[in-house]
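Residues take their numbers from the sequence shown, with the count starting at 1.
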Amino acid sequence: MATVLDEVPLVSMAEQANDPQGFAQKFGQSFRRFGFAMVADHGVPQELIDRAWAKTKEFFALSEEEKRQYHIPGGGGARGLTPFKTEIAKGATHVDLKEFWHIGRELAKGHRFEAQMAPNIWPHAPEGFKETFLELFQALDDAGDRLLSAIALYLGLEPHWFDRAVKDGNSVLRLLHYPPVAADAPEVRAGAHEDINLITLLLGAEEAGLELLDKDGRWLPVKPPEGAMVVNVGDMLQRLTNHYLPSTTHRVVNPPVERRGTPRYSMPFFLHPAPDFLIETLPSTITDENPNRYPTPITAHDYLFERLVEIGLIKK
């Protein structure tokens, strides 16, 4: 079976400091061809990642009753717990076999985005949960900024073009738990979907299952090497670039029967622009062969709301 590494070279962010343009070309070409990239030397400390995995497992091992007190009905899953079998991929017939926890950006009281970005919820246990995930959120935010700078260079923009877009952005760190599944489970752990945001940074899951749909219709398993992360294009970036950078369809399949008794954990960081950022097609991506697919701009907040309704996290 083909793996992504058979097709896509691993790119190292360590090259970015000395050769920003060279790194931008390698990273951008991977995005252009596959809609995703494998990134090593991303700068997120391994000790922090290990601590975050441990806290994630401790939290999801709590009783259902204890976890449920952190679920906010009608909150659209923006913060705290989204219980098992809540989210469904757009157009899917089965709900996803997962539960997850959302952490967002900490805003000062009275911040101008207070109405659009809910305050974080912090569980009483495990100890050190808040400190660990605020630290991880910041580390992933910083890595995301560097990757966006490379994307800007690849698109012929100045390297800080995205800074204004993502300042105080509505990014979300998701802690995912896929419980063990029955041997005859008909559903997949997460149905085929695209991400809503600009880019997603995914720290490697211990259990396999993530697959991306290539242009030729093949599903390619994604298993980053130890210490690397997967980064993929989200729909907002696809829209901004008039589909020059494609948003990759991906899914999480059930494991082989012998591994179905094993839970799976994952930590994607969904990097979003600020709520008031206007997603307007970049002029450089509009050509005679690729006319503007989105003549009407939309704010990131309105776009996010539309999509959350589609996947069942917000009920209209």
Side-chain angles (χ1 to χ4, degrees), residues 4 31 34-39 42-44 48-53 55-57 59-60 76-82 84 86-90 96-105 120 132-148 166 169-179 188-213 221-224 227-238 247-253 263-273 304 307-308 311 313:
V4 171
F31 259 19
F34 292 98
F36 68 90
M38 298 280 200
V39 179
H42 44 70
V44 182
L48 175 57
I49 294 170
D50 293 343
R51 190 165 18 116
W53 284 126
K55 299 296 176 195
T56 297
K57 291 173 184 177
F59 173 77
F60 284 116
R79 301 291 182 266
L81 182 78
T82 294
F84 188 59
T86 298
E87 191 174 47
I88 185 165
K90 182 181 173 183
D96 291 345
L97 301 178
K98 67 190 183 192
E99 58 180 340
F100 55 86
W101 181 278
H102 272 174
I103 297 148
R105 190 175 303 284
N120 277 314
T132 296
F133 289 108
L134 284 180
E135 193 179 336
L136 183 61
F137 188 103
Q138 188 60 57
L140 290 166
D141 210 23
D142 292 345
D145 283 349
R146 290 168 59 198
L147 292 168
L148 286 174
V166 298
N170 193 13
S171 298
V172 174
L173 175 57
R174 174 180 283 191
L175 314 181
L176 267 164
H177 172 222
Y178 301 92
V188 293
R189 276 177 156 166
H193 65 284
E194 298 80 43
D195 292 346
I196 298 170
N197 42 294
L198 279 174
I199 59 173
T200 301
L201 284 64
L202 177 69
L203 294 167
E206 294 171 339
E207 284 294 310
L210 178 63
E211 295 184 343
L212 298 183
L213 185 62
V222 183
K223 187 68 175 151
M229 64 168 58
V230 178
V231 185
N232 65 275
V233 177
D235 287 350
M236 289 184 181
L237 184 59
Q238 173 176 263
S247 180
T248 312
T249 299
H250 50 286
R251 67 184 182 184
V252 180
V253 296
R264 182 179 188 273
Y265 301 90
S266 178
M267 284 189 291
F269 180 73
F270 301 112
L271 198 154
H272 280 261
L304 177 61
R307 292 295 303 278
L308 291 177
I311 62 174
L313 287 181

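- Heavy atoms only, all atoms of each residue included: Asn120 and His102 are closest at OD1-O, 4.4 Å.
- Residue Leu48 holds its CG atom at 12.0 Å from CH2 of Trp53, rounded to the nearest 0.5 Å.
- Arg264 has its side chain within reach of Leu210: a pair of non-hydrogen atoms, C-beta onward, lies under 4.5 Å apart.
- Nearest heavy-atom pair, Leu136 versus Ala52, reported as atom, atom and distance to 0.1 Å: CD2-CB, 3.7 Å.
- In this structure Thr248 satisfies the side chain to side chain contact (heavy atoms under 4.5 Å, CB included) test together with Phe36, Leu212, sequence neighbours excluded.
- The structure places CD of Glu211 at 9.5 Å from CG of Leu213, a figure rounded to the nearest 0.5 Å.
- Among residues two or more places apart in sequence or in another chain, the side chain to side chain contact (heavy atoms under 4.5 Å, CB included) test is passed with Ala78 by none.
- With no hydrogens or angles considered, a side-chain donor-acceptor pair links His250 and Asp195 at under 3.5 Å.
- Nearest heavy atoms, Phe137 versus Gly104: CE1-C, 3.6 Å.
- Within the 4.5 Å cutoff, no side-chain heavy atoms of Tyr178 are placed close to those of Pro263.
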Between Ser171 and Phe269, is a side-chain contact (heavy atoms from CB on, under 4.5 Å) present by the stated rule, with each step listed?
CA-CA 7 Å; Ser171 298; Phe269 180 73; 3.7 Å; yes
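- For the side-chain hydrogen bond (donor to acceptor under 3.5 Å, both in side chains) test, residues two or more places apart in sequence or in another chain that qualify with Asp235 are Ser247, Arg307.
- In terms of modelled atom types and a separation under 3.5 Å, the side chain of Asn197 and the main chain of Gly234 share no donor-acceptor contact.
- Taken to the nearest 0.5 Å, the CG atom of Asp142 stands 11.0 Å off from the CG atom of Leu147.
- A distance of 7.0 Å separates CD1 of Ile49 from CE of Met267, quoted to the nearest 0.5 Å.
- Arg79 pairs by the salt bridge (Lys or Arg N to Asp or Glu O under 4.0 Å) definition with nothing, not counting sequence neighbours.
- Contact annotation: the side chain of Phe84 approaches that of Pro179 to within less than 4.5 Å [non-hydrogen atoms, C-beta and beyond].
- When all heavy atoms of Met229 and Leu203 are compared, the closest pair comes out as CE-CD2, 4.0 Å.
- Distance check, rounded to the nearest 0.5 Å: OG1 of Thr132 to CZ of Arg51 gives 4.0 Å.
- Applying the ring-ring contact (aromatic ring centres under 6.0 Å, His included) rule to His177 yields the partners Phe60, Tyr265; only residues at least two apart in sequence or on another chain are considered.
- Results of the side chain to side chain contact (heavy atoms under 4.5 Å, CB included) test with Phe100 over Leu81, Thr56, Val172, Thr82 single out Thr82 as the only residue that passes.
- Side-chain contact between Ile103 and Leu175 is present, with heavy atoms from C-beta onward closer than 4.5 Å.
- With rounding to the nearest 0.5 angstrom, the OG1 atom of Thr200 is 4.5 Å from the CG atom of Asn232.
- Residue Val166 comes nearest to His272 through the heavy atom pair CG1-O, 4.1 Å, listed as atom of the first residue, atom of the second, then distance.
- The only option from Leu173, Asp141, Asn170 that meets the side chain to side chain contact (heavy atoms under 4.5 Å, CB included) definition with Arg105 turns out to be Asp141.
- Taking 4.5 Å as the limit, every side-chain heavy atom of Trp101 sits out of range of all side-chain heavy atoms of Arg174.
- The side chain to side chain contact (heavy atoms under 4.5 Å, CB included) test with Val39 singles out one residue from Leu201, Val230, Leu202, Val231, and that residue is Val231.
- For Phe31 against Ile199, the heavy-atom pair with the smallest separation is CE2-CG2, 3.9 Å.
- Applying the ring-ring contact (aromatic ring centres under 6.0 Å, His included) test to Phe133 and every residue at least two apart in sequence or in another chain returns Phe129.
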